[in-house]
There are 2 protein chains.
Amino acid sequence: MGTTEQPQRVTMTRAARRILEAAERLFYERGIHAVGVDLIAAEAGVTKKTLYDRFGSKERIVVEYLTGRDERWRAFLARYLDDHLDAAHATPEARVLAVFDASRAWSAEYGAKGCSMVNAHAEISDPAHPAFPVITGQKQWMLALFTRLAGDFAGDVAGTDADRLGRTLMLLHEGALVAHGLRVFPDPIAHARDQAEALLRTWHST
Amino acid sequence: MGTTEQPQRVTMTRAARRILEAAERLFYERGIHAVGVDLIAAEAGVTKKTLYDRFGSKERIVVEYLTGRDERWRAFLARYLDDHLDAAHATPEARVLAVFDASRAWSAEYGAKGCSMVNAHAEISDPAHPAFPVITGQKQWMLALFTRLAGDFAGDVAGTDADRLGRTLMLLHEGALVAHGLRVFPDPIAHARDQAEALLRTWHST
DNA sequence: TCGAAAGTATACCGATCTGTATAGTGGAGA
DNA sequence: TCTCCACTATACAGATCGGTATACTTTCGA
C-alpha cells in the first residue's frame with residue numbers, strides 16, 4: 001500500500017455535482033428506495049460508469065445527499081440569522097423566533113415533503129448504516145441549538161430549565177415540519193413560531 | 001357481469017391474517033419499499049399464490065397495513081380513555097393529557113420507529129396512491145380530536161381559540177412522536193404531556 | 001505535445017422485484 | 001358423496017435492481 005488510501009472522499013467534478021443534484025431532488029421527492037441509480041444517472045445526463053467512478057455505490061450517494069442537505073440548511077439558517085438579527089442587540093426571544101422564521105422560509109422553498117432526515121430515517125432501519133449518524137447528528141444539533149438559545153433566555157444556574165425549554169421548542173419545531181409536509185393545516189411553522197412566542201412570554205411563570 | 005363485483009373487500013381468512021401481521025411488522029420496521037412480497041409470504045409461512053389470492057397486489061397490502069394500524073390506534077386510545085377517565089367527571093384538562101398518556105403507552109409498545117403514517121408518507125410520493133387518504137385522514141382525525149378537546153377546555157364562542165389550541169397540541173404531539181422515533185432525547189412524549197399541562201395552565205392568560 | 005483524468009456509449013452480470021401459471025391437497029358444508 | 005374453497009408447491013415471466021467490463025473520446029495542464 002504505497003499510496004495513501006482515501007476511500008471516503010468524493011472528487012466533486014462537474015458531473016458529480018449534477019449527479020448529486022439529481023439524486024437530492026429525486027430522493028427527497030420520491031424516497032430513497034424508490035429511486036434507482038439508472039434513473040439518477042439519466043436525470044443527471046450522465047452514464048452509470050461516471051456515477052460509479054465518482055461515488056462508488058448508491059449508499060454513498062445517499063450519505064452525500066443527507067450531509068449536503070444538512071450543510072445547506074445550516075448555512076441557510078446562519079445567513080438568515082445574520083440578515084435578520086442585529087447580532088449585538090438582538091434579544092434572546094428574537095433569536096429563538098428567528099430560527100422558526102428561517103425554518104419557515106426554508107420549508108417554503110425546499111421542504112414541501114417535510115424533513116429529509118425524518119423521511120430518510122423511515123427508510124433506513126439498520127443503525128449501522130453510514131447515513132444514520134448524519135440523521136441523528138442533525139437532530140442533536142438542532143436540539144443543542146434550541147437549548148443554547150433557551151439558556152440565553154432562561155438564564156438559570158443548573159441549565160435544567162434551559163434543557164426543558166430547549167426540548168419544548170424542539171418538539172414544536174419538529175411537529176411543525178411534519179404538519180407542513182403532510183399539509184395538516186395551513187402554515188404550521190408560522191403557528192409554531194407564534195406559540196413559541198407565547199411560550200417565552202409566559203415561561204417564567206411556570 | 002352477472003355477479004356483483006366487489007374488488008375492494010379482502011376475505012380475511014387465517015392465512016390472510018398471518019400475511020397482514022407479517023407485513024405490518026416488516027413494513028413498520030424496515031420500510032415499505034425495502035420489503036418484498038416474497039419476504040412477507042415467507043415470514044407468514046404462506047405461498048405467494050395465497051398472498052395474491054387474498055390481496056391481489058402489494059399496494060393493497062400496504063393500504064390494509066395502514067388502515068389496520070390506524071384502527072388499532074383509535075381503538076387503543078378509546079379503551080385507554082375509558083379505563084383512565086371517569087367519563088362523567090373528567091375535566092377537559094385531564095382529557096387532553098390522557099391522550100398524551102395513551103400515545104406514550106402505545107409508542108412504548110408499538111411505536112419504536114415513530115409514526116407509521118409519517119413514515120409511509122416519506123415513501124409514497126403519488127397523491128393518487130390509495131394509501132394517501134388513509135395517511136392524511138389519520139392526521140385530520142387527530143387534529144379534529146385535539147381541536148374538540150381544546151374547545152371543551154377553552155369554551156369560546158367562535159371556536160378560533162379552540163382551533164389555535166388544538167393545533168398547538170397537535171404540533172406538540174406530532175413532534176413528540178418524531179423525537180421518540182429518532183431518540184432525540186429520553187421520553188419526549190412525557191415531556192410533551194408536561195408541556196401541554198403547562199400550556200393549558202397558562203392558556204387563558206395569552 | 002502528450003499523458004492522465006473525466007467523460008460517453010453500450011453491453012452485460014446475478015439478484016431481486018411484482019405478478020402469474022399449473023398442478024395438486026385437505027377439509028367442511030349441502 | 002361431491003363440490004367448493006382455502007391452501008401448498010413449484011416454476012416461470014418480464015422488468016428492474018445495484019454494480020461491472022470494455023472500448024473509445026474529450027479536455028486540459030505540465
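Just so it is clear, the model here is predicted, and its values are computed rather than measured. Proteins get letters first, then strands, A, B, ... in listed order; numbering begins at 1 in each.
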Strand-adjacent residues in residues 39-54 of chain B, judged by heavy atoms under 4.0 Å from DNA chain C: B/Lys48, B/Lys49, B/Tyr52

Non-neighbouring partners of B/Thr13 that pass side-chain hydrogen bond (donor to acceptor under 3.5 Å, both in side chains), sequence neighbours left out: none

Taking the basic N atoms (NZ, or NE/NH1/NH2) and the acidic carboxylate oxygens, is any pair closer than 4.0 Å for B/Glu64 and B/Arg60? yes

Separation of atom NZ in B/Lys58 from atom C1' in D/dT16, rounded to whole Å: 13 Å

Which whole-number value in Å describes the distance from A/Arg14 CZ to C/dT8 P? 11 Å

In residues 21-38 of chain B, which residues come under 4.0 Å of DNA chain C by heavy atom? B/Val35, B/Gly36, B/Val37, B/Asp38

With the side chain of A/Ser57 defined as its heavy atoms from C-beta on, choose the nearest nucleotide among C/dA6, D/dG19, D/dC7. D/dG19

The complete set of side chain to side chain donor-acceptor pair (under 3.5 Å) pairs with one or both residues in residues 65-78 of chain A, sequence neighbours excluded, reads A/Glu24-A/Arg72, A/Arg69-A/Ser116, A/Asp70-A/Arg74

Only distances under 3.5 Å count here; give the side-chain donor-acceptor pairs of residues 125-135 of chain A to other protein atoms, sequence neighbours excluded, each with its distance to 0.1 Å.
{"unit_1": "A/Asp126", "atom_1": "OD1", "unit_2": "A/Ala128", "atom_2": "N", "d": "2.9"}
{"unit_1": "A/His129", "atom_1": "ND1", "unit_2": "A/Ala131", "atom_2": "N", "d": "2.9"}

Test side-chain hydrogen bond (donor to acceptor under 3.5 Å, both in side chains) applied to B/Thr50 - qualifying residues, sequence neighbours left out: B/Thr47

List the residues meeting side-chain hydrogen bond (donor to acceptor under 3.5 Å, both in side chains) with A/Asp86, not counting sequence neighbours, and say none if there are none. A/His89

Give every pair of a protein N or O atom and an N or O atom of nucleotides 25-30 of chain C that lie under 3.5 Å apart, one pair per line with the distance.
none

A/His173 meets the side-chain hydrogen bond (donor to acceptor under 3.5 Å, both in side chains) criterion, sequence neighbours left out, with A/Ser103

Checking A/Asp101 now: which residues fulfil salt bridge (Lys or Arg N to Asp or Glu O under 4.0 Å) with it, not counting sequence neighbours? A/Arg193

Taking for each residue the nucleotide of DNA chain D with the nearest heavy atom, is it B/Arg18 or A/Glu59 whose nucleotide lies nearer the 5' end? B/Arg18

Does the side chain of B/Thr13 get closer than 4.0 angstrom to OP1 or OP2 of D/dC7 through an N or O atom? yes

Partner set under salt bridge (Lys or Arg N to Asp or Glu O under 4.0 Å) for B/Glu29, not counting sequence neighbours: none

Any ion pair linking A/Glu123 and B/Arg30 (charged N to carboxylate O, less than 4.0 Å)? no

Spacing of A/Phe55 atom CZ relative to C/dG7 atom C1', expressed in whole Å: 14 Å

In chain order, what residues pass the salt bridge (Lys or Arg N to Asp or Glu O under 4.0 Å) check against B/Asp152, with sequence neighbours excluded? none

